[in-house]
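Presented below is the structure to which this report refers.
Starting from 1, each residue takes its place in the sequence as its number. All heavy atoms count here, side chains included; hydrogens, waters and symmetry mates do not.
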Amino acid sequence: MNYARLTIALGLAALTAACGKKAETPIATETNQTAPAAAMSGDMGNMAMAPAAPAQIMAKGHGTVTAIDKAAGTITLDHGPIPEAKWPAMTMAFKAAPAITDAAKVGDKVDFDLTLTGNTGEVTAISKK
């Protein structure tokens with residue numbers, strides 16, 4: 001009886017290998033019975049994929065320009081809370097296009113628009129108060 005099971009298991013493994021799929025070894029239980037092999041489907045539509053990139057959030061803020069680094073393309077703002085990002089008031093540097101860094105100067109009180117991705121942001125518009 002055990003030879004028959006072994007022969008069947010080896011035959012299934014050979015067939016699976018011939019089809020280009022990885023062979024699964026039957027698992028023996030204490031009662032010397034084999035567990036059925038897991039079925040595979042050709043439909044991979046419901047298969048979990050790698051995590052997607054974080055979604056972008058548009059936000060608005062108010063604050064004071066504390067530094068501008070044109071070479072690095074950043075503007076540092078001491079800003080109030082930003083509810084869309086669930087951020088408290090803080091001082092932080094943001095990416096900014098040259099038009100943004102050219103339009104502001106240290107000490108300016110500003111309103112600004114942000115595009116947030118994950119925990120980083122980019123100032124996309126700025127206006128003096």
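Atom OG1 of Thr115 sits about 11.0 Å away from atom NZ of Lys95, to the nearest 0.5 Å. Asp102 CG to Lys70 NZ: the interatomic distance, rounded to the nearest 0.5 Å, is 4.0 Å. To the nearest 0.5 angstrom, His62 atom NE2 is 8.0 Å from Phe112 atom CZ. Thr124 OG1 to Ile100 CD1: the interatomic distance, rounded to the nearest 0.5 Å, is 6.5 Å. Within the model, atoms CG of Asp113 and OG of Ser127 stand 7.5 Å from one another, a figure rounded to the nearest 0.5 Å. Taken to the nearest 0.5 Å, the CG atom of Leu116 stands 10.5 Å off from the CD atom of Glu122.
For the pair Pro83 and Pro81, the tightest heavy-atom approach, listed with the atom from each and the gap, is CD-O, 3.5 Å. Taking each heavy atom of Thr101 and Ala96 in turn, the nearest pair found is CG2-CB, 4.0 Å. The minimum heavy-atom distance linking Ala104 with Ile68 is given by the pair O-CD1, 3.2 Å.
Between Met92 and His79 there is a side-chain heavy-atom pair separated by less than 4.5 Å. In this structure, Thr76 and Phe94 have side chains that are not in contact, with every pair of non-hydrogen atoms separated by 4.5 Å or more.
Put simply, the residue from Val110, Thr74, Leu77 that forms a side chain to side chain contact (heavy atoms under 4.5 Å, CB included) with Val123 is Leu77.
Connection of Met90 to Val106 is not established within any shared hydrophobic cluster, with ILVMFWY side chains joined at heavy-atom distances below 4.5 Å, either directly or through further cluster members.
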Can Ile75 and Val65 be said to form a side-chain contact (heavy atoms from CB on, under 4.5 Å), step by step? CA-CA 7 Å; Ile75 186 167; Val65 178; 4.1 Å; yes

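Ion pairing between a basic and an acidic side chain is recognised when a charged N comes within 4.0 Å of a carboxylate O; Asp108 and Lys129 show no such pairing.
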